[in-house]
Each structure stands twice: as structure tokens, then as C-alpha cells.
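Labels below follow one simple rule: chain letters A, B, ... track the order of the sequence lines, proteins then strands, and each chain is numbered from 1.
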2 protein chains.
Amino acid sequence: MVKITDVARRAGVSPSTVSYVLSGKRPISAATQRRVEESIRELGYRPHAGARALASSRSNVLALVMPLRSGVHVPVQMQFAGAVVTTARRHDHDVLLLTQEEGEDGLRRVADSALVDALIVMDVQLRDARTPLLRSLPLPSVLIGFPAEADGLTCIDLDFTATGESCVGHLARLGHRCVALLGSPPEVYARGTGFAQRTAAGFTAAAHRCGISSTVLPCEPTRAAVQETVERLLRDHPGLTGVVVHNEPALPLLLEAFQQAGMRIPQDLSVVAVCPDELAESAAVPVTSVAIPAEEVGERAVELLMAKLNGQSVPDATLLPPRLTQRVSSAPRGPAS
Amino acid sequence: MVKITDVARRAGVSPSTVSYVLSGKRPISAATQRRVEESIRELGYRPHAGARALASSRSNVLALVMPLRSGVHVPVQMQFAGAVVTTARRHDHDVLLLTQEEGEDGLRRVADSALVDALIVMDVQLRDARTPLLRSLPLPSVLIGFPAEADGLTCIDLDFTATGESCVGHLARLGHRCVALLGSPPEVYARGTGFAQRTAAGFTAAAHRCGISSTVLPCEPTRAAVQETVERLLRDHPGLTGVVVHNEPALPLLLEAFQQAGMRIPQDLSVVAVCPDELAESAAVPVTSVAIPAEEVGERAVELLMAKLNGQSVPDATLLPPRLTQRVSSAPRGPAS
DNA sequence: GCACCCCGTCGAAACGATTCGACAATCTCG
DNA sequence: CGAGATTGTCGAATCGTTTCGACGGGGTGC
């Protein structure tokens with residue numbers, strides 16, 4: 001194995017000089033720099049990660065805590081992970097993969113053993129047992145999603161309030177005057193990943209502001225429940241011409257149910273969804289949608305961490321603006337009615 | 001930060017003794033052991049990963065190289081990654097995530113810098129540029145999938161030959177006498193991840209052995225191509241009563257096309273697929289299938305690596321037996337004909 | 001031409017573990 | 001009962017970097 005002293009000898013300098021060339025922490029003359037870099041290349045030198053970590057108390061590794069077993073969001077998670085790794089590499093860091101199951105002990109373990117310099121925690125719940133720990137750890141961290149008590153923590157996510165508003169705005173601009181939000185099943189609102197409430201709040205506020213009538217309905221993603229929800233919705237709101245769906249698994253079922261109830265999309269009913277682009281594109285009728293910007297979240301999360309590692313201060317909350325992609329499922333309200 | 005000398009002092013022993021208690025590499029009296037362990041607990045001591053890596057030249061980290069951007073197989077990859085992390089932890093190792101894109105340089109980097117002790121490489125191609133490098137690296141590695149030249153490499157995957165055989169066997173036992181394999185598009189056979197050929201070989205050999213007639217057809221996963229393939233197949237093989245589908249994206253299209261051609265499943269035609277269980281279950285007609293045993297592959301891959309790290313010798317090739325799950329798409333051939 | 005400062009480099013001391021040889025004390029066996 | 005093997009522990013060297021203080025030499029200001 002080739003080490004720093006080998007490089008130093010060959011370049012005719014001391015090991016510390018080589019180190020300074022590598023880190024740039026002290027000025028080095030151009031000539032020396034060139035000689036050192038040449039030696040490094042010729043010898044194929046790579047600093048020993050362990051030694052480096054020991055001496056500098058920096059491992060240049062980030063931990064990424066992922067829910068590795070769950071179901072629906074998998075491709076989005078993958079995109080996110082990809083963005084994290086890629087961005088981390090751009091900042092000369094690597095990524096250590098931890099599972100949700102390792103829980104608090106896992107976090108403490110990698111932190112105490114100085115295996116990583118910082119943490120990214122995905123899939124944060126409203127009442128997340130890890131938040132007190134994260135606050136007390138000496139390592140910087142970034143959470144994906146917002147817990148109930150977010151103070152003292154750095155969090156990032158799609159701005160769900162703005163998302164709800166944006167969907168209503170889109171429908172309003174198309175001339176719709178009576179809209180509904182079909183959300184997650186009741187238990188999600190209760191257990192709470194928080195984003196459900198925020199979408200609903202944005203939705204309702206925007207509808208109010210635009211002076212259009214609105215309803216919010218939770219919805220189980222089963223064929224029977226969907227059927228019933230749709231029937232009730234159409235019965236109670238005969239003037240309904242637009243719906244926003246924030247419920248991935250129910251989306252295809254809903255489309256089907258509406259069509260069976262005689263509503264053509266988009267002629268009779270405009271549909272906007274909050275879901276991954278993939279799903280929106282591959283639906284029976286391609287659906288106008290707002291996607292979770294997984295890549296951007298991943299990238300920004302890493303950049304927040306890097307800033308924190310460099311001692312810069314960063315905003316507590318980062319809310320990414322929603323981007324609505326128009327597809328065929330939403331159209332101006334027909335002249336009739 | 002609490003270090004080994006702190007533990008040693010509190011337990012009234014030397015640092016080396018603490019180390020030996022932790023590693024078990026030398027006999028320690030029961031009494032001392034207890035005292036040391038107690039001190040460790042009381043102080044919350046965790047060995048510094050970098051220091052440990054430096055002194056022992058073992059990082060206790062595995063690299064997992066994943067294709068993080070691709071499309072279809074995502075949930076399977078995730079399962080696999082989950083199994084790798086979980087199993088690695090059981091062996092007191094962590095997992096570093098690398099993307100495919102980092103390529104050979106990435107492998108060399110983590111190897112040379114002693115960041116990791118071993119490598120797991122997913123998504124290996126028939127002609128994979130990384131195989132020569134893996135052969136020459138001093139680190140042990142395990143490949144998921146088989147390259148063309150596998151000698152000197154440790155590989156693991158589903159036994160696709162046996163899979164082809166198993167599908168035919170299932171159909172034969174149900175009384176079918178004329179079957180077809182609908183495989184991947186031609187370019188996949190050419191570019192080659194290898195498994196396509198092996199499935200076809202197993203399929204054909206088994207059909208021959210059972211004395212039943214068989215065809216193999218590649219198949220593009222587009223609506224038009226599927227339509228045409230199905231028509232041709234039914235025209236050329238009027239006695240056909242069973243098909244094996246080894247083409248994930250085409251599966252739903254094929255089911256639809258067969259039914260539109262007047263073949264009821266399973267009354268007129270039995271279908272067996274090679275695809276993730278998820279997909280098989282959620283098809284219009286739940287499909288009898290053989291799945292990639294992602295979890296088992298991940299677990300076994302890690303265990304192979306651990307064995308290699310311990311200096312044990314392991315088999316070059318590990319082929320996991322297929323497990324066929326019967327669903328409603330396959331049934332005994334009707335009494336007619 | 002002298003004091004002073006800055007630039008570029010060096011040497012040596014950490015960093016926190018593991019490991020190897022040595023050694024005392026206890027056992028074993030003839 | 002003594003030589004030799006065994007058991008349990010210690011001290012010191014080592015792993016490969018980074019970092020800090022020091023220091024020589026060339027520039028600047030007066």
C-alpha cells in the first residue's frame with residue numbers, strides 16, 4: 001500500500017506538505033504543488049480513510065436512514081437515495097445506509113463511533129421518537145419531513161400547503177367553481193405524517209380565497225370504499241367539476257369509479273393528483289399532477305448538511321415549491337352549466 | 001469522548017485487556033471480563049471506527065453497488081438492499097452505498113482508501129467492464145448475476161435454467177402438451193444479462209424431456225408488438241394451451257391480448273410468469289409465478305462475503321432454486337382436445 | 001540597511017485503537 | 001517436587017494521517 005510518506009519522498013517534500021497540498025489548508029507554491037500532484041498520480045496514492053478520520057475527526061461519510069421495507073413510495077425513495085449519493089459524492093462524501101429498524105440505537109451507534117459526520121433521516125413521523133435524540137447529538141442532521149415539534153431541527157420537504165393551494169389555483173383558473181379534495185384514509189390523518197393536514201389546509205384556504213366551494217373527504221384505498229365515496233360525493237355536490245386526489249393507491253380506483261358513474265375525464269370532471277409522475281403518467285387517463293420532487297429534496301438535504309458541517313447556519317425549515325404538470329385529466333370547465 | 005483508556009482505568013486493567021475482551025482474541029478471566037464489560041456499559045463506550053480501522057486494517061464496512069436510477073425492478077432492488085443491510089448488521093458490519101455510475105473508479109477508490117472491506121455488485125452484465133477490476137482487487141467481492149466469464153469470481157443469482165424447467169414442469173403436470181416461452185425483446189438477448197438465455201435453455205430442455213412441443217419467442221413490451229406476437233403465436237400453434245412469460249413489462253399487455261383473442265385464462269390458456277410476486281398478484285388475473293428471491297439473494301451474498309473475509313473458501317457459483325407460486329392463471333388442461 | 005512580516009515548508013506530536021512479545025502465576029505430569 | 005506448558009495480563013510499538021508551532025528567506029517600509 002502506498003502512503004503519504006512515499007509520495008512525500010518522491011516529491012522531495014515532507015509528509016505535511018503533501019497533506020497541505022491535498023487539503024489546501026495552507027498556501028503551497030505552485031511548483032511544489034505540481035510536483036506533489038504528479039507524484040500522487042504516478043504512485044496512485046489514496047489516503048487511508050481510517051487514518052484520515054482518526055487524525056482529522058472527520059470521516060467524510062453521511063448516514064442515510066431509510067425505510068427499506070415499506071410499500072408504495074419505493075421508486076420515489078430510490079430517486080431520493082440516488083440524489084443523496086450523487087450530491088454527497090460531489091462534496092467528496094460517501095453515504096452509509098441504515099435501516100429505519102435500527103432506530104435510535106443505530107443512530108447513536110454510528111454517531112458515537114464517529115463512523116459518520118452527519119445524518120439524513122427519511123420518513124419522519126409527526127411524533128417521531130428519534131427527534132429528541134437528534135437534537136442532543138453533536139452531529140448535524142437533516143430530516144425529510146416535518147415532525148410536530150420541529151424547533152432546533154433542520155427539516156426539508158415539499159411545501160404541502162402550497163401544493164394544496166396550487167391545485168385549487170389550477171382548477172380555479174380553468175373556471176371550476178366547486179371542487180373536492182380526496183385525501184388519505186382517516187387513520188393517516190390521525191397517526192399523522194403531517195403532510196395530509198397541510199395539503200388539506202392549503203386546499204381549503206385557497207378555495208376560500210378564490211371564492212369557490214370546497215369539500216375535503218378522506219378515502220380508503222379499497223374498491224368498495226372508493227365506490228361509496230364517489231357516489232356520496234356526486235350526490236351531495238351535484239355541481240362538482242374538479243377534484244384533487246392526494247392518495248396514491250386510490251388514484252386508479254377513483255378514476256375508474258368516476259367514469260363508471262358517468263363522469264368523463266376531463267369533459268365532465270377535471271382531476272389533479274398529488275403523486276409521483278410515474279403513476280400520473282401511466283394512469284388510464286394521464287393525470288395532471290404535483291409530484292414529490294425527490295431528487296431536489298435529496299440534493300438540497302445534502303447541501304444543507306454540508307453547510308452545517310462547514311459551520312454555516314442554515315434555515316430550520318426548507319419548503320420546496322410545488323410544480324404542477326398539466327396532463328389530459330384537467331381542462332377548462334365546459335360552457336354548459 | 002470516552003476512549004478505551006478511560007474504560008481500562010475504571011476497570012483497573014490495561015487498554016489491551018479491554019481490547020481483548022471486546023474482540024475475544026485472547027482468553028480473559030471471567031472476573032476481569034465482567035468488570036470490563038460493566039465499565040463499558042457505565043461509560044457508554046464505543047470504539048472509534050477510524051482508529052479501529054487504522055489499527056486493524058478492517059473497516060467493518062461493505063460496499064453495495066446499486067443501479068439507483070433505473071426503472072422496472074425497483075421494489076425488488078429495495079428488498080435486496082434491505083436484506084443486505086440487515087444481514088450485514090447481524091455480522092457487525094455496515095453498508096456503504098455506491099451508485100453504478102461511479103463505475104470502476106468508484107470501486108477502486110473505496111478499495112484503495114480502505115473505506116470498505118468487501119464489495120457487493122448488483123446488476124452485473126454479461127460483458128461487464130468491472131469484472132477484470134474485481135478479479136485484481138485484493139478485496140473479496142460477490143456479484144449478483146453472472147457475467148460471461150465468471151471464473152475467479154463469486155456469483156449468486158436465481159437459477160434461471162431451473163426456473164425455465166420448473167415452469168414447464170408445472171404446465172406438464174397440469175396436462176399441457178404444447179407450450180411457448182414469451183421472453184425478453186431481442187436486444188436483451190443480445191446485450192445480454194445472460195439470464196434470458198438460461199431461462200430459454202431450461203425451458204426448451206425440459207419440454208424436450210417431457211416430450212411436449214415448445215416454442216420460444218422474444219417479445220417487445222409495446223401494445224402493438226404484443227398484439228402481433230400473440231396473433232402469430234395462436235395462428236402458428238393452434239394446439240397451444242400454456243405459456244411462460246419472462247418479460248415483466250409485457251405481462252399485463254399479454255394477458256389482455258390473449259383475452260381479446262378469445263382465450264380465457266385459465267380455461268383455455270394457462271399462464272406462468274417469471275416476475276416479482278407483487279406484479280403477479282396485482283395482475284388482472286393473478287398469475288402463477290416464479291419470483292426473484294431478492295431477500296434470500298441479499299442475505300446469502302453477505303454471508304458469502306463474510307465467509308471470504310474469514311478466509312474460508314466459498315463456491316464460485318451459487319444458484320438459488322426457483323420457487324413457483326400457484327395462482328389462478330394456471331389450471332389443468334380442460335378435458336376437451 | 002534594519003526591523004518586521006508574510007509566505008512556504010518542515011518536524012513532531014497527536015488521534016484512538018490493535019497486536020505482539022514478554023512475563024508472572026498457576027497447572028500438569030513424571 | 002521441579003521442569004515445562006498454560007493462562008491471563010501488561011507495555012510498547014504501530015497503523016497513516018492531520019495539525020500546530022517553528023523557522024528560514026525574501027519582500028516591504030522607512
Side-chain angles (χ1 to χ4, degrees), chain A residues 1-37 39-40 43-61 92 109-117 138 309, chain B residues 1-37 39-40 43-61 92 109-117 138 309:
Chain A
M1 186 208 192
V2 35
K3 35 199 197 187
I4 202 172
T5 52
D6 302 333
V7 175
R9 190 171 330 112
R10 179 179 241 272
V13 299
S14 81
S16 49
T17 300
V18 175
S19 178
Y20 287 124
V21 167
L22 248 26
S23 69
K25 294 193 180 176
R26 283 204 185 172
I28 298 289
S29 73
T32 308
Q33 184 145 345
R34 212 184 31 68
R35 272 201 334 256
V36 169
E37 272 160 2
S39 307
I40 290 181
L43 269 53
Y45 168 68
R46 287 269 175 52
H48 186 288
R52 188 196 274 263
L54 177 56
S56 67
S57 31
R58 282 292 202 107
S59 66
N60 276 34
V61 175
D92 196 36
R109 181 176 63 83
V110 294
D112 288 355
S113 65
L115 193 51
V116 306
D117 294 336
L309 281 173
Chain B
M1 185 208 191
V2 37
K3 34 200 198 188
I4 201 171
T5 50
D6 302 332
V7 175
R9 191 169 332 110
R10 178 178 242 274
V13 299
S14 81
S16 50
T17 301
V18 175
S19 178
Y20 287 124
V21 167
L22 249 25
S23 69
K25 294 195 179 174
R26 284 205 182 169
I28 298 289
S29 72
T32 307
Q33 184 145 344
R34 212 183 31 69
R35 268 197 340 252
V36 168
E37 273 161 0
S39 308
I40 291 182
L43 294 165
Y45 167 68
R46 286 271 174 52
H48 186 288
R52 188 196 273 264
L54 177 55
S56 66
S57 29
R58 281 294 200 102
S59 67
N60 276 34
V61 174
D92 197 36
R109 181 176 64 82
V110 295
D112 287 355
S113 64
L115 236 190
V116 306
D117 294 336
L309 281 173

For A/Ser56, enumerate each residue passing the side chain to side chain donor-acceptor pair (under 3.5 Å) test, keeping only those at least two apart in sequence or located in another chain.
-> none

Nearest-0.5 Å distance that lies between atom CZ in B/Arg10 and atom CG in B/Leu43 | 5.0 Å

Does the side chain to side chain contact (heavy atoms under 4.5 Å, CB included) test come out yes or no for A/Val13 and A/Val18, once each step is laid out?
-> CA-CA 7 Å; A/Val13 299; A/Val18 175; 3.9 Å; yes

To the nearest angstrom, the CZ-P distance between B/Arg9 and D/dC10 comes to 14 Å

Kindly say whether A/Asp92 contributes a backbone atom to a donor-acceptor pair with the side chain of A/Asn60 at under 3.5 angstrom?
-> yes

Please write out each protein N/O paired with an N/O of nucleotides 22-28 of chain D under 3.5 Å, distance rounded to 0.1 Å.
residue, atom, partner, partner atom, Å
D/dA22, N6, A/Arg26, NH1, 3.4

Measure from CD1 on B/Ile4 to C1' on D/dC10 and round the result to the nearest Å.
-> 13 Å

Roughly how far, to the nearest 0.5 Å, is CZ of B/Arg34 from OG of B/Ser29?
-> 9.5 Å

In residues 12-22 of chain B, which residues come under 4.0 Å of DNA chain C by heavy atom?
-> B/Ser16, B/Ser19, B/Tyr20

Can you list every side chain to side chain donor-acceptor pair (under 3.5 Å) pair that touches residues 17-27 of chain B, not counting sequence neighbours?
-> B/Ser14-B/Thr17

Who pairs with A/Ser39 by side chain to side chain donor-acceptor pair (under 3.5 Å), at least two apart in sequence or on another chain?
-> none

Does the side chain of B/Leu22 come within less than 4.5 Å of B/Ile40's, by heavy atoms?
-> yes

What's the CD1-P distance between A/Ile40 and D/dT17, to the nearest Å?
-> 10 Å

Closest non-hydrogen atom pair between B/Val61 and B/Leu115, with its separation | CB-O, 3.7 Å

Contacts of A/Arg9 meeting side chain to side chain contact (heavy atoms under 4.5 Å, CB included) (sequence neighbours excluded), chain-then-number -> A/Thr5, A/Asp6

Calculate the interatomic distance between A/Asp6 atom CG and D/dT17 atom C1'; express it in whole Å.
-> 13 Å

Would you give me the side-chain donor-acceptor pairs under 3.5 Å for residues 44-55 of chain A, sequence neighbours excluded?
residue, atom, partner, partner atom, Å
A/Arg46, NH1, B/Asp112, OD2, 3.2
A/His48, ND1, A/Gly50, N, 3.0
A/His48, ND1, A/Ala51, N, 3.1

Partner residues of A/Ser57 under the side chain to side chain donor-acceptor pair (under 3.5 Å) criterion, sequence neighbours left out = none

Anything under 4.0 Å to a heavy atom of chain B counts; send over the first and last such nucleotide of DNA chain C, read 5' to 3'.
-> C/dG16 to C/dA22

Could I get the full list of side chain to side chain donor-acceptor pair (under 3.5 Å) partners for A/Arg35, not counting sequence neighbours?
-> none

Among residues 46-58 of chain B, which residues get a heavy atom nearer than 4.0 Å to DNA chain D?
-> B/Leu54, B/Ala55

Take the protein atom CG of A/Leu43 and the nucleotide atom C1' of D/dG16, then report the distance between them rounded to whole Å.
-> 15 Å

